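We name chains A, B, ... by the order of the sequence lines, and we start the count at 1 in each one. Owing to the predicted nature of the structure, the values given are computational and were not obtained by experimental measurement.
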Number of protein chains: 2
Amino acid sequence: MRKDNRQDEADETRHSERPTLKTLAFMTGLGVTTVSRALKDAPEIGAETRKRVQMVARQIGYRPNRAGVRLRTGKTNVISLVLDTEEQIGGFVSDMIYGISEALAPTPYHLIVTPYSRNNDPLEPVRYIVETGSADGIIISRTEPDDKRVRYMSEHGFPFATHGRTRMGIEHPYHDFDNRAFAAEAVRTLAGLGRRRLALLPPPPNLSYYHHMREGFAEALAEHGLSEIPFPAATLDNSIDTIRASTVDMMRRRGCPDGIVSGAGGATFALVAGIEDAGLQLGREVDIVSKQSSRLLHLFRPQIYVVNEDVRLAGSELAHAVMARIAGAPVASLQTVSRPGTVERAHR
Amino acid sequence: MRKDNRQDEADETRHSERPTLKTLAFMTGLGVTTVSRALKDAPEIGAETRKRVQMVARQIGYRPNRAGVRLRTGKTNVISLVLDTEEQIGGFVSDMIYGISEALAPTPYHLIVTPYSRNNDPLEPVRYIVETGSADGIIISRTEPDDKRVRYMSEHGFPFATHGRTRMGIEHPYHDFDNRAFAAEAVRTLAGLGRRRLALLPPPPNLSYYHHMREGFAEALAEHGLSEIPFPAATLDNSIDTIRASTVDMMRRRGCPDGIVSGAGGATFALVAGIEDAGLQLGREVDIVSKQSSRLLHLFRPQIYVVNEDVRLAGSELAHAVMARIAGAPVASLQTVSRPGTVERAHR
DNA sequence: CTGGTAATCTGTAACGTTTCAATATACTTG
DNA sequence: CAAGTATATTGAAACGTTACAGATTACCAG
């Protein structure tokens, strides 16, 4: 008395429905278990059977039901990108997403975007994902030297990768741009132009790369015996108007900087506007070296010196890192830092 | 002989595990079915029981298991945003995502990003989602007047919303920016400045809003008795270099335009660079009216006249539209067009 | 009282998958 | 040839949820 009989036949009739293991089992005359195993190349399945099953599966376009797998195994095949919704000007989010997508495309993983507002607790979305198991891995950005989220995910053994490094004695996968090298190189460039009094427009001081950038800046400053003019209360996170006003303010003082290093392309727009508001001219009274992820700065003002950051690459690296981590790869192999390219200027 | 007894007790012990309906059933002393129904306010559940269950559920932080729901009901609680990965310069993707996220945040829906390469068939990702049922609804952009994807989803009764309208006799939810009004208003502005020979930098001609923009452009041109100078083979999709080169080419000819309408902020950067390459000056020999989604154009060149498009709003509208469609709302109520704001210029 | 009906509540099955323990078959080996 | 063993295959159970068809109780009309 095979009660399955009834169902197999029913299965046969529902033509338009999506094929399941049961469908395959019926078609091949095998049991569901065998089919399941054959599809994942289990060793205890006969070579011929395996081939036969896989062939039929491909023919009828079988795709494992994600909900079924997820329910049974807990594996979601989802990578979650956790983002803050307070748009940074000219943000690099789209590039990051494209990079991740690119890496995920040939895999069974899907990308889901989990937002949080910067005024809320950044740990919250992470905790939600870990507690509900709604993803297999997480990618975060805006990493801090001592990062709650990193600690939390580490303690819970949850796979993740960070855009940016930490300094908390926890080893974890990351990808980072070498902001130290960038800042140092930027200062050297300005020194080479004869600039002596430099200012830095840095990221907010709670973020890891603030420190890297500052270190590189300070290091090269000392190296060339230059001095720093402090930027009054402005960071890359501020609005265009804030940065612009802050810049005007700074540039109107006596002893204003003759060289500025900017950590992001969007902010540099505001920076330049401020400089010009103050009646100064780029390449004359001041020079700027700026990082950028888009390619617009050279069009904006050809006098700007530019270092490109490939955020798309970062996204791709991060995606590969989380996946490898999920697969159990050792952390040490999943930490990459991309060196900045050379400082470029528009060739007109 | 209640075989469940064993399991209920086991359930009781696994403290750290995530609560399920069974956990709730055990705690309240009710059956799993009752609990399930109580949580969704089914009418056949006693008022007191309902309250009791919901209270306990809230206390212990019960969250329905998505895989369970999905497997049983087919409901994924996922909205998929289908994107092409060929980055348009200064693309608005991040804004769109933020807008969608915003709308989805207070709902059980998650956002998943499904990319496709522009050289591949754009129908493919859509078909994948529909066939595998991996989302409850889809949002697409780069809508064409006769759009395969729209036809496909319509025929399959799959909920979706498009960024941009179609002209194929199929009613469906959409959100669009009134590009016709934008172009017309842009032309009027240029006419008001005494410009007589206008060029349009349009989107690629296969997209719907190409036609809208062209119509508005042509209409206002006729209205003021102005003439069009054709833009040689450039669209908003082209690279910076292409647009720039194309612009130089155009501006060096006799009878070059004295006014240009540009459909996107990113392209306008290239456009301006081209104009200046040709030795012309903005506000003197030429004026530009450009749409933008970021706020950078005024910083770039204060002479540019700008119309802002709120892509974040678009995202939010689209998300609401799909969700409403999923819930069965009539299509007619889910079609919105946002009117452009006034043409602005930097006030220095 | 009897029989009916509304109001509450409940067990079972099913969604598609994988894991476990078991079975059937063929092949060695002493 | 008995007994063990490797090979190939299998059904049942479980993951967490909801739909279905019953069950139990209380109440009311006749």
Side-chain angles (χ1 to χ4, degrees), chain A residues 1-8 10-11 14 17-53 57 60 62-77 108 131-134, chain B residues 1-8 10-11 14 17-26 28-53 57 60 62-77 108 132-134:
Chain A
M1 169 180 135
R2 290 184 58 201
K3 80 166 179 192
D4 278 325
N5 233 335
R6 236 186 329 110
Q7 295 173 2
D8 282 356
D11 226 273
R14 51 167 156 129
E17 297 296 328
R18 194 148 96 92
T20 72
L21 287 182
K22 201 145 69 179
T23 321
L24 281 179
F26 178 73
M27 292 180 75
T28 55
L30 295 166
V32 177
T33 307
T34 312
V35 173
S36 170
R37 284 178 140 108
L39 288 176
K40 48 171 60 67
D41 286 320
E44 65 264 51
I45 300 297
E48 193 209 300
T49 308
R50 197 192 345 251
K51 274 216 173 99
R52 198 157 60 88
V53 171
I60 67 174
Y62 167 78
R63 300 243 168 222
N65 178 306
R66 305 190 122 230
V69 176
R70 180 164 169 179
L71 180 57
R72 177 65 233 244
T73 64
K75 171 118 189 163
T76 62
N77 282 310
E131 279 180 1
T132 64
S134 56
Chain B
M1 170 179 131
R2 289 185 60 206
K3 78 164 181 193
D4 278 325
N5 234 335
R6 236 185 331 108
Q7 295 175 2
D8 283 355
D11 227 273
R14 52 165 155 130
E17 297 294 330
R18 186 162 167 233
T20 72
L21 286 182
K22 201 147 69 180
T23 322
L24 280 179
F26 178 72
T28 55
L30 295 166
V32 175
T33 307
T34 311
V35 173
S36 170
R37 286 187 142 101
L39 288 176
K40 48 172 58 68
D41 286 321
E44 64 266 50
I45 300 296
E48 195 208 298
T49 309
R50 201 196 337 252
K51 273 212 175 102
R52 198 157 60 89
V53 172
I60 66 175
Y62 167 77
R63 299 240 168 227
N65 179 306
R66 304 188 123 233
V69 177
R70 180 163 168 179
L71 181 56
R72 178 64 235 242
T73 65
K75 170 118 192 167
T76 62
N77 283 309
T132 65
S134 57

Quiz item: Which pair of non-hydrogen atoms, one from Arg70(A) and one from Thr76(A), has the smallest distance, and what is that distance?
Solution: NE-CG2, 3.5 Å
Quiz item: From Thr20(B) OG1 over to Asn65(B) CG, what is the distance, rounded to the nearest 0.5 angstrom?
Solution: 9.0 Å
Quiz prompt | Rounded distance [0.5 Å steps], OG1 in Thr34(B) versus CG in Leu24(B) | solution = 12.0 Å
Quiz item: Nearest-Å distance, CZ (Phe26(B)) to C1' (dG16(D))?
Solution: 18 Å
Practice problem: Looking only at side-chain atoms of Lys22(B), point me to the closest of dC15(D), dC9(C), dT17(C). | Solution: dC15(D)
Quiz item: Thr73(A) side chain to Val69(A) main-chain N or O, any donor-acceptor pair under 3.5 Å?
Solution: yes
Quiz item: With no hydrogens and no angle check, is any side-chain donor or acceptor of Arg52(B) less than 3.5 Å from a backbone partner on Thr28(B)?
Solution: yes
Quiz item: To 10°, what angle do the rotation axes through the five end pairs on each side of the helix from dC1(C)-dG30(D) to dG30(C)-dC1(D) form?
Solution: 60°
Quiz prompt | Lys/Arg N to Asp/Glu carboxylate O, Glu131(A) vs Arg18(B), below 4.0 Å | solution = no
Quiz item: Contact class for Gly68(A) (heavy atom, under 4.0 Å): base, sugar-phosphate, or nothing?
Solution: base
Self-check item: Straight-line distance of Tyr62(A) OH to Leu39(A) CG, nearest 0.5 Å
Solution: 6.0 Å
Quiz item: Does Leu71(A) or Thr34(B) map to a spot on DNA chain C nearer the 5' end, using the closest nucleotide for each?
Solution: Thr34(B)
N/O-N/O pairs, protein side and nucleotides 18-21 of chain C side, under 3.5 Å:
from: dT18(C); atom 1: OP1; to: Lys40(A); atom 2: NZ; distance (Å): 2.9
from: dT18(C); atom 1: OP2; to: Ser36(A); atom 2: OG; distance (Å): 2.8
from: dT18(C); atom 1: OP2; to: Lys40(A); atom 2: NZ; distance (Å): 3.3
from: dT18(C); atom 1: O2; to: Arg72(A); atom 2: NH1; distance (Å): 2.1
from: dT19(C); atom 1: O4'; to: Arg72(A); atom 2: NH2; distance (Å): 3.4
from: dT19(C); atom 1: O4; to: Thr33(A); atom 2: OG1; distance (Å): 3.4
from: dC20(C); atom 1: N4; to: Arg37(A); atom 2: NH1; distance (Å): 3.1

Quiz item: Whole-Å distance between dT7(D) C1' and Glu48(A) CD?
Solution: 14 Å
Practice problem: Would you please confirm or rule out a distance under 4.0 Å between OP1 or OP2 of dA8(D) and any side-chain N or O of Thr49(A)? | Solution: no
Quiz item: Starting at CG of Leu39(B) and ending at P of dC9(C), how long is that distance when rounded to a whole Å?
Solution: 13 Å
Self-check item: Arg50(B) side chain vs Ala42(B) backbone, donor-acceptor pair below 3.5 Å
Solution: yes
Self-check item: Glu44(A) CD: over 12 foreign heavy atoms closer than 6.0 Å
Solution: yes
Quiz item: Roughly how many Å is it from CD in Glu44(A) to C1' in dT7(D), rounded to a whole number?
Solution: 10 Å
